[in-house]
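Side-chain atoms are counted along with the backbone in the values below, which use heavy atoms only and exclude waters and symmetry mates. Here is the naming used below: chain letters follow the sequence lines, and residue numbers restart at 1 for every chain.
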There are 4 protein chains.
Amino acid sequence: MSPRRDPEGRRRAIVHAAVVEIAEVGIGQVTHRRIAARAGVPLGSTTYYFPTLDDLVSAALREATETARAQLEAWADELLASDDIAGTFVDLARGYLADREQALLEYELCLAATRTPQLRPVAQLWMDGLRGICARFTGGPERGFALAALVDGVLLEALVTGDELDAGGLRAGVEALVSRRTAAGRT
Amino acid sequence: MSPRRDPEGRRRAIVHAAVVEIAEVGIGQVTHRRIAARAGVPLGSTTYYFPTLDDLVSAALREATETARAQLEAWADELLASDDIAGTFVDLARGYLADREQALLEYELCLAATRTPQLRPVAQLWMDGLRGICARFTGGPERGFALAALVDGVLLEALVTGDELDAGGLRAGVEALVSRRTAAGRT
Amino acid sequence: MSPRRDPEGRRRAIVHAAVVEIAEVGIGQVTHRRIAARAGVPLGSTTYYFPTLDDLVSAALREATETARAQLEAWADELLASDDIAGTFVDLARGYLADREQALLEYELCLAATRTPQLRPVAQLWMDGLRGICARFTGGPERGFALAALVDGVLLEALVTGDELDAGGLRAGVEALVSRRTAAGRT
Amino acid sequence: MSPRRDPEGRRRAIVHAAVVEIAEVGIGQVTHRRIAARAGVPLGSTTYYFPTLDDLVSAALREATETARAQLEAWADELLASDDIAGTFVDLARGYLADREQALLEYELCLAATRTPQLRPVAQLWMDGLRGICARFTGGPERGFALAALVDGVLLEALVTGDELDAGGLRAGVEALVSRRTAAGRT
DNA sequence: AATGAATGAGGGTTCATTCAT
DNA sequence: TATGAATGAACCCTCATTCAT
């Protein structure tokens, strides 16, 4: 199945399997064996490419963040091109929650970062990215931070309650925070 | 310390140790042994009072939520008595973050609830409580939800980044969401 | 439920529960807790009446043997009154196997006796009883022993295979071993 | 003793240790740790080769049965070559009982099979083997079954009572059951 | 006399990690 | 380079037994 001679591919396959596995069972429950099984590689490969399980988990979370980063950029593009900021935010959030497990992983990473210093920068990446985007649509950085927090909070709540996204709340919040002038100036 | 024969006290001591331990190392890393050591009781006691580790963890999270709930009620009182809603929110959030580990535990519980059905109601309690309070200060339920999400987001971000509370963002967000009339009517 | 003041009754209830429990799960899997639960008495009662689990198991096996002994006597009566020894043996064996678990317990006791000296006499009781009965229907003690062994073997095989009693084999064996003259002399 | 890298040998050593251990303490009392100690391998090895204790026990019993099967075949050969069937049966039974613990294990397996379905086929192997042999020396299958039961019963009784084999009883039984013609035809 | 509380030993099992090959 | 074998620590949990009440 996996190419005999493609170390980089192997590595990526393992990391990817780790991401999926973490998303599914949570950081605390992930094991070498599970990842190896999921990736379809021998157990030894996981420790060969990653000396420690922590290393592997870190790599997985890093990759997950990369994914999120790309997503954030897509958000920025869509938001800039939209003339209904609030509506677009709702659409984007809904899209984000579509892959619930992936989204969960993101938040789990954030919490894990609070106890694992090496995860800090990874988590920071997401936070900063979201804040950066939000700040473009509000009068000042403070409101931008508030908007980012709002989005984070709405997403978290949806994940926790298991309900649909609270579109009404999100829309109301965005509208209250987004600068009229900015929105108007764009038309 | 604990009297030889005080089942209820023993039980509480174990639960409390579990709370502290979970706050410190995370739900996924907590073990009978750690809790027993922290509580100063023999290993067997933990399984005597709680047949399963899951039971013990549940009890701990339930207790933690009870604490949070009490805190929320204190919030409500302070907010109702205040004529600077935003400023009071900031103070309260700061107070909440003062015990970082306890706060962290709260969020960990929320995330864990997504994968452990039995934890759902416990997490819901917090979410509902916060939303209920917030709704009192906004024009409608949607803005109330948005305010709750904002608070949740701000707290989460502070926990994750390890920075101080983003007071400016919180204040700006609250001001944008809180109903003028309510604020005005209270002067 | 159980009378407040009836130590002997309590004791019997525990022993009986132990018998049933052993029959159900096997000697090696029986525990104080299981017996207490089955008997509907507090855990402490089991150790109060029987210092050791071994003591309790022994008592249970002793009781089981007593039951078997009574059964053997019934066999003797029926056989003596019968003019179709082989057919009666078949009927009796079938009756014995009707309560499979009880029968199993008997054999388990026998095997356990090989490793637990204190169980020896209990097991011996059954063996001797069966032999004694059988000897009455054969020409000499040797054939009597053979008949007893045959019965034991047939019962064991039925238990192990889970099949019905091998009536044909048993009948053939009995007929070959039973003394014609004895049978004839009784008409 | 055992080479560093010899998985098959290791596996066999563990299984063999399990057989011996079961013979000594009984199925219900056997543990990973005991087996590991007896085999002179680390604890982890037992679970590495056999995911579950049940698996290990099954393997051990299977092996024991294989041994017994080989023995049965030897019996068949000797019996066919003999002109004193009864005497040969006695010799064979005595030989079988010479290794008391191995014999005990056999019967324990049979009883355990009644409660552990996966053990059924293993136990059946022994029963069928013995019956098959016996049937060759009797007039019909029914007497064959009876003979097998007789042998089983005699062996069981010897094991349980701890006495010598009841040679007289066995001889008498065999003589009563073995087909004259077969015996005669062979002279 | 009777019992719930308490405990520590030990059981099965999992797993990160090391290492010979 | 790559991997299956191997290992021991640690985990959760069960339980016989002891003991204060």
Using the side-chain heavy atoms of P42(A), tell me which of these nucleotides is nearest: dT7(F), dT17(E), dT3(F).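 For the P42(A) side chain, the nearest candidate turns out to be dT3(F).
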Minimum-distance nucleotide to R33(B) side chain [options: dA9(F), dC13(F), dT3(F)]: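 For R33(B), the side-chain atoms sit closest to dC13(F).
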Only counting residues at least two apart or in another chain, list the ones meeting side chain to side chain contact (heavy atoms under 4.5 Å, CB included) with R100(A).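 Side chain to side chain contact (heavy atoms under 4.5 Å, CB included) check on R100(A) returns L159(A).
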Calculate the interatomic distance between [X] atom [atom1] and [N] atom [atom2]; express it in whole Å.
X	N	atom1	atom2	result
R10(C)	dT3(E)	CZ	C1'	9 Å
Q29(A)	dT13(E)	CD	P	19 Å
I35(A)	dA16(E)	CD1	C1'	12 Å
I27(A)	dA16(E)	CD1	P	14 Å

Six-ring centre of Y49(C), R12(C) cation under 6.0 angstrom, axis tolerance 45°: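 Negative - R12(C) is either too far from the ring of Y49(C) or too far off its axis.
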Within residues 47-58 of chain C, find the residues that approach DNA chain F with a heavy atom at under 4.0 Å, and present them sorted by residue number.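 Those residues are T47(C), T52(C), L53(C).
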Sequence neighbours left out, what pairs pass side chain to side chain donor-acceptor pair (under 3.5 Å) with at least one residue falling in [range]?
range	value
residues 51-65 of chain B	S58(B)-Q118(B)
residues 101-115 of chain A	Y107(A)-D152(A), E108(A)-R115(B), R115(A)-E108(B)
residues 22-47 of chain D	R10(D)-S45(D), E21(D)-R38(D), E24(D)-R38(D)

Before you tell me yes or no, could you show the steps for L105(C) and L61(C) under side-chain contact (heavy atoms from CB on, under 4.5 Å), namely the whole-Å CA-CA distance, both residues' side-chain angles and the distance that decides it to 0.1 Å? CA-CA 8 Å; L105(C) 182 152; L61(C) 294 178; 4.1 Å; yes
Hey, which sits more toward the 5' end of DNA chain F by its nearest nucleotide, L43(D) or T31(C)?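 The residue mapped nearer the 5' terminus is L43(D).
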Any stems for DNA chain F, made of 3 or more Watson-Crick or G-U pairs in a row, each with both distances under 3.5 Å?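 Stems (3+ consecutive pairs) listed as E:2-21 with F:2-21.
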Can a side chain N or O of [X] be found less than 4.0 Å away from OP1 or OP2 on [N]?
X	N	value
R11(A)	dA2(F)	no
H32(B)	dC11(F)	no
S45(A)	dA2(F)	no

Assign each of R34(D) and G44(A) to its nearest nucleotide of DNA chain E by heavy atoms, then name whichever residue's nucleotide is nearer the 5' end.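 The residue whose closest nucleotide sits nearer the 5' end is R34(D).
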